[in-house]
**Student:** 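Let me give you the structure first, and then I'll get to my questions.
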Amino acid sequence: MIGVIADPAEHDVVREFFELFKTPWEFYSRDRRYDVLLCTRDGQLDGAAKLVLLCAGRKMHFDDEQRIPTARQRRHTCILSYQGNRIPIYGDTVTFTGKGNWLLTDECSQEGTAYVDRSGERVLARIGYDLFGEVRTLLTVGQPPANANMPALELHISFLRDLITGCGVSLVEIPPVPDGYRFLACLTHDVDHPSVRQHKWDHTMFGFLYRAIVGSLRKRIRGQISVQDLFGNWAAALKLPFVHLGLAKDFWREFDDRYLELEKGLRSTFFVIPFSNRPGASCHGPAPMLRATRYGAEDIANTIRKLIAAGSEVGLHGIDAWRDSSKGYEELEEIRRLTGVSEIGVRMHWLYHDQQSPATLETAGATYDSTIGYNETVGYRAGTTQVYKPLGASQLLEMPLHVMDTALFYPNHLDLSPRQARVLLDQLVDNVTSFGGSLTINWHDRSLAPERRWGGFYRDLIQDLKNRGVWFATATQAISWFRKRRSAWFETDSTDSGAVRAKVAVDQSNNLPGLRLRIHKTRKLGSNGAQSSRDYVDMVVDESTETIGSSVATR
């Protein structure tokens, strides 16, 4: 059991952190004994705990009392190095001299940011940054694009887990991994342009022509597309007048059939715009008119019904829902009317959001949000692979967006070749394989058609995920599974047996994958290499799963 001493203003962050790091914990009580005491406040600490861990990015009175040799304080963002991983720190840090410098180091100064002192059976660990302050930053402000490839929150969890087990303290956890699978994958599609005929002399059509003719030639010269794709895009541009005259097929339509065929029964989620010709508002006033779409959900009602009949999910691609709960309710009601589904999730058009958005969306009646991501790059805006509850919400969960096709391939974003994009996505897939959680992918409605032609890359990505043993879930299914995990709780025996029982409050017969209870073995502190399956034992969490020491029993 971990006992936590934190400022009351941090308690909301502490609770959410331990929903992501699902291990037995509670706020510190004087009449309880703890294996680990995790503290972010200065003062007298209970020396009876096996491991006393103090996290703060400033010099503390405790440092003087324990004669911890602090070196200097840094008041700007830095990168810490741990076992080959890079952990960005957005608040203050303090460094140390002497013991423990090899455990966690400042990448620039090479000074130690972790101090560990073992005295008999007791271990004192001093970490030179504010753990819960970092978590708050990640879940509210988020990471800049420059650090997008760093799953910072997962790395904080991994470091804390390694530190605890490395100091000889046993640990149980319910990892963010569905039983029977390696991780989750959510295939999603933002529907922005379901028909080329709806665009005549507007920015969308001129953008299409430029990318089909000039952009395709540039990409061919750079070796980013094939000759076949080059001529295919030119042919599509030449056909455009005939498409508008009704003499040629609209090559942006029937995106539903193309995705249903490509995904072959893998249920995905389509986010559709509720109303046409509404640009909405930005945080600075009216949004640009080019944000408005030429279609509304009613215009593709038959497509929506077909997708739902095939087992896919349809959510809201919101306009003003992120900033106005009454307009959000109106937008959600339009999707409910067309789908016949009461619980609807949201992804905002152009990924508009602010720190009040979770509460606004929740008031509007949204079940979940999947907006937190990047337009210009791919990676971890909130620093996590996991679904989480934003700090401004009481029930709504956030499924962060990790990969968007336009961010990978558009010239004004990453502008990658398929080979370069594959290397980048391999890193993200490796991360979610290691940490668990979900990989959320957004492939737009027109991305299989000219001039994009990104269907081959998408097909290969799906096959790679299949080969890795992934559970493909709709956004609602993923949210439901994480709610199931969040419903689990631990009970500890008050006797000396040290028994820990994991229980789940939700119905186990809901066709969702089960939960795992992971029993971590102790490791040598500072062991090189990522944790492997040799370092833990997994078992399925049933109605009551109990572990006592190293023996395991289910009843």
Side-chain angles (χ1 to χ4, degrees), residues 1-66 68 70 72-78 80 87-96 104 113-116 123-143 152-157 159-161 163-164 355-356 358-359 382-384 388-394 486 489-490:
M1 174 67 75
I2 299 174
V4 178
I5 301 176
D7 190 279
E10 294 181 317
H11 283 192
D12 58 340
V13 184
V14 176
R15 291 188 183 95
E16 186 56 28
F17 176 78
F18 282 105
E19 291 293 351
L20 303 177
F21 182 25
K22 195 77 173 180
T23 193
W25 77 282
E26 65 181 26
F27 289 112
Y28 174 77
S29 174
R30 291 184 180 276
D31 59 355
R32 292 289 299 272
R33 296 188 64 180
Y34 300 97
D35 298 311
V36 179
L37 187 62
L38 173 59
C39 182
T40 58
R41 296 178 63 181
D42 214 347
Q44 185 68 36
L45 301 184
D46 180 7
K50 296 179 182 177
L51 170 62
V52 176
L53 202 165
L54 179 65
C55 299
R58 65 189 187 280
K59 184 176 175 62
M60 310 282 277
H61 294 302
F62 182 81
D63 298 331
D64 293 331
E65 293 171 0
Q66 299 294 324
I68 298 174
T70 57
R72 71 175 77 180
Q73 183 172 349
R74 302 172 67 92
R75 297 185 178 277
H76 58 80
T77 300
C78 68
L80 303 184
I87 308 177
I89 301 296
Y90 299 102
D92 296 345
T93 58
V94 63
T95 57
F96 310 98
L104 192 66
T113 48
Y115 174 91
V116 179
V123 181
L124 170 67
R126 176 69 166 90
I127 308 304
Y129 65 86
D130 180 354
L131 172 62
F132 300 128
E134 293 300 311
V135 174
R136 181 179 293 280
T137 296
L138 292 169
L139 297 185
T140 54
V141 178
Q143 301 195 111
L153 208 159
E154 303 305 324
L155 292 169
H156 288 305
I157 292 173
F159 173 70
L160 180 59
R161 181 191 299 115
L163 182 60
I164 292 172
Q355 291 187 30
Q356 287 71 49
T384 183
Y388 64 92
K389 183 165 72 70
L391 299 181
S394 60
R486 295 172 74 90
W489 78 97
F490 298 95

**Student:** To the nearest 0.5 angstrom, please state how far the CG atom of Leu80 sits from the CD1 atom of Ile127.
**Tutor:**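 Result: 10.0 Å between the selected atoms.
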
**Student:** Show the nearest heavy-atom pair for residues Gly392 and Ala359, with the distance to one decimal.
**Tutor:**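 Smallest heavy-atom distance, with atoms named: O-CB, 3.3 Å.
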
**Student:** OG1/Thr23 to CE/Met1 distance, rounded to the nearest 0.5 angstrom?
**Tutor:**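 It comes to 9.0 Å.
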
**Student:** Testing the basics here: between Phe159 and Ala114, what is the closest heavy-atom pair and its distance to 0.1 Å?
**Tutor:**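 Closest approach of Phe159 to Ala114, heavy atoms only: CZ-CB, 4.5 Å.
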
**Student:** Can you measure from CG (Leu20) to NZ (Lys389) and round to the nearest 0.5 angstrom?
**Tutor:**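 Going from the CG atom of Leu20 to the NZ atom of Lys389 covers 10.5 Å.
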
**Student:** Quick one: pull up CZ in Arg486 and CD in Glu16 and give me the separation to the nearest 0.5 Å.
**Tutor:**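 Reported value, rounded in 0.5 Å steps: 4.0 Å.
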
**Student:** Under a 4.5 Å cut-off applied to non-hydrogen side-chain atoms, are Gln66 and Tyr115 in contact?
**Tutor:**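 When only atoms from C-beta onward are counted, Tyr115 and Gln66 do not touch, as no gap falls below 4.5 Å.
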
**Student:** Do the charged groups of Arg58 and Asp130 touch, with an N to O distance under 4.0 Å?
**Tutor:**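 A salt bridge is absent here (no side-chain N lies under 4.0 Å from a carboxylate O).
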
**Student:** Main chain of Ser29, side chain of Tyr34: is a donor-acceptor contact present, judged purely on distance under 3.5 Å?
**Tutor:**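 Indeed, once roles are kept as given, a pair shorter than 3.5 Å links the two residues.
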
**Student:** Name the residue from Val116, Ile68, Leu54 that meets the side chain to side chain contact (heavy atoms under 4.5 Å, CB included) definition with Leu124.
**Tutor:**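 With Leu124 as partner, side chain to side chain contact (heavy atoms under 4.5 Å, CB included) holds for just one option, Ile68.
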
**Student:** Would you give the length of the straight line joining atom CZ of Phe21 to atom NE2 of His156, rounded to the nearest 0.5 angstrom?
**Tutor:**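 Rounded to the nearest 0.5 Å, the CZ-NE2 separation comes out at 13.5 Å.
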
**Student:** Classify the ring geometry of Phe27 against Trp25: parallel below 30°, tilted from 30° to 60°, perpendicular beyond 60°.
**Tutor:**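 Geometry flag for Trp25 against Phe27: perpendicular rings.
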
**Student:** Checking side chain to side chain contact (heavy atoms under 4.5 Å, CB included) against Cys78, which of Asp92, Thr95, Thr93, Thr113 comes through?
**Tutor:**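 Result: among Asp92, Thr95, Thr93, Thr113, Thr93 is the only option passing the side chain to side chain contact (heavy atoms under 4.5 Å, CB included) with Cys78.
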
**Student:** Can you confirm whether Phe17 sits close enough to Leu131 that some side-chain heavy atom of one is under 4.5 Å from a side-chain heavy atom of the other?
**Tutor:**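 The answer is yes, as the side chains (C-beta and beyond) meet within the 4.5 Å cut-off.
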
**Student:** Salt bridge check, Glu154 against Arg161: does any charged N sit closer than 4.0 Å to a carboxylate O?
**Tutor:**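 Looking at Arg161 and Glu154, the cut-off is not met.
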
**Student:** Over all heavy atoms of both residues, which pair between Leu38 and Cys55 is shortest? Give the atoms and the distance, please.
**Tutor:**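 That closest heavy-atom pairing would be CD1-SG, 3.8 Å.
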
**Student:** Any side-chain heavy atom of Lys50 sitting closer than 4.5 Å to one from Val123?
**Tutor:**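 Sidechains of Val123 and Lys50: no contact.
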
**Student:** Under the side-chain contact (heavy atoms from CB on, under 4.5 Å) criterion, do Thr384 and Leu138 qualify, and how do the steps go?
**Tutor:** CA-CA 9 Å; Thr384 183; Leu138 292 169; over 6 Å; no

**Student:** Determine the minimum heavy-atom distance between Ala382 and Leu139, stating which atoms define it.
**Tutor:**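 Result for this residue pair: O-CD2, 4.3 Å.
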
**Student:** Please find the pair of heavy atoms, one from Ala9 and one from Arg136, that lie closest to each other, and give the distance.
**Tutor:**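 Taking Ala9 first and Arg136 second, the nearest heavy atoms are O-NH2, 2.9 Å.
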
**Student:** State, with a plain yes or no, whether a side-chain heavy atom of Val141 is found less than 4.5 Å away from one of Gln355.
**Tutor:**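 In contact.
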
**Student:** Do Phe18 and Val4 come close enough that some side-chain heavy atom pair is under 4.5 Å?
**Tutor:**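 Counting from C-beta outward, Phe18 and Val4 do come under 4.5 Å.
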
**Student:** If only atom types and distance count, is the side chain of Asp63 paired as donor or acceptor with the main-chain N or O of Met60 below 3.5 Å?
**Tutor:**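 It does hold such a pair.
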
**Student:** For Leu51 and Leu163, work out which heavy atoms get closest and say how close.
**Tutor:**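 Closest approach of Leu51 to Leu163, heavy atoms only: CD2-O, 4.4 Å.
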
**Student:** Could you tell me whether a side-chain N or O of Glu134 sits under 3.5 Å from a main-chain N or O of Gly91, the two making a donor and an acceptor?
**Tutor:**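 Here the side-chain-to-backbone pair exists.
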
**Student:** Run the side-chain contact (heavy atoms from CB on, under 4.5 Å) test on Val52 and Cys39 for me, step by step, so that the C-alpha distance in whole Å, both residues' side-chain angles and the decisive distance to 0.1 Å come before the verdict.
**Tutor:** CA-CA 8 Å; Val52 176; Cys39 182; over 6 Å; no

**Student:** Taking atom OG1 of Thr40 and atom CG of Leu53, what is their separation to the nearest 0.5 Å?
**Tutor:**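 The distance works out to 11.0 Å.
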
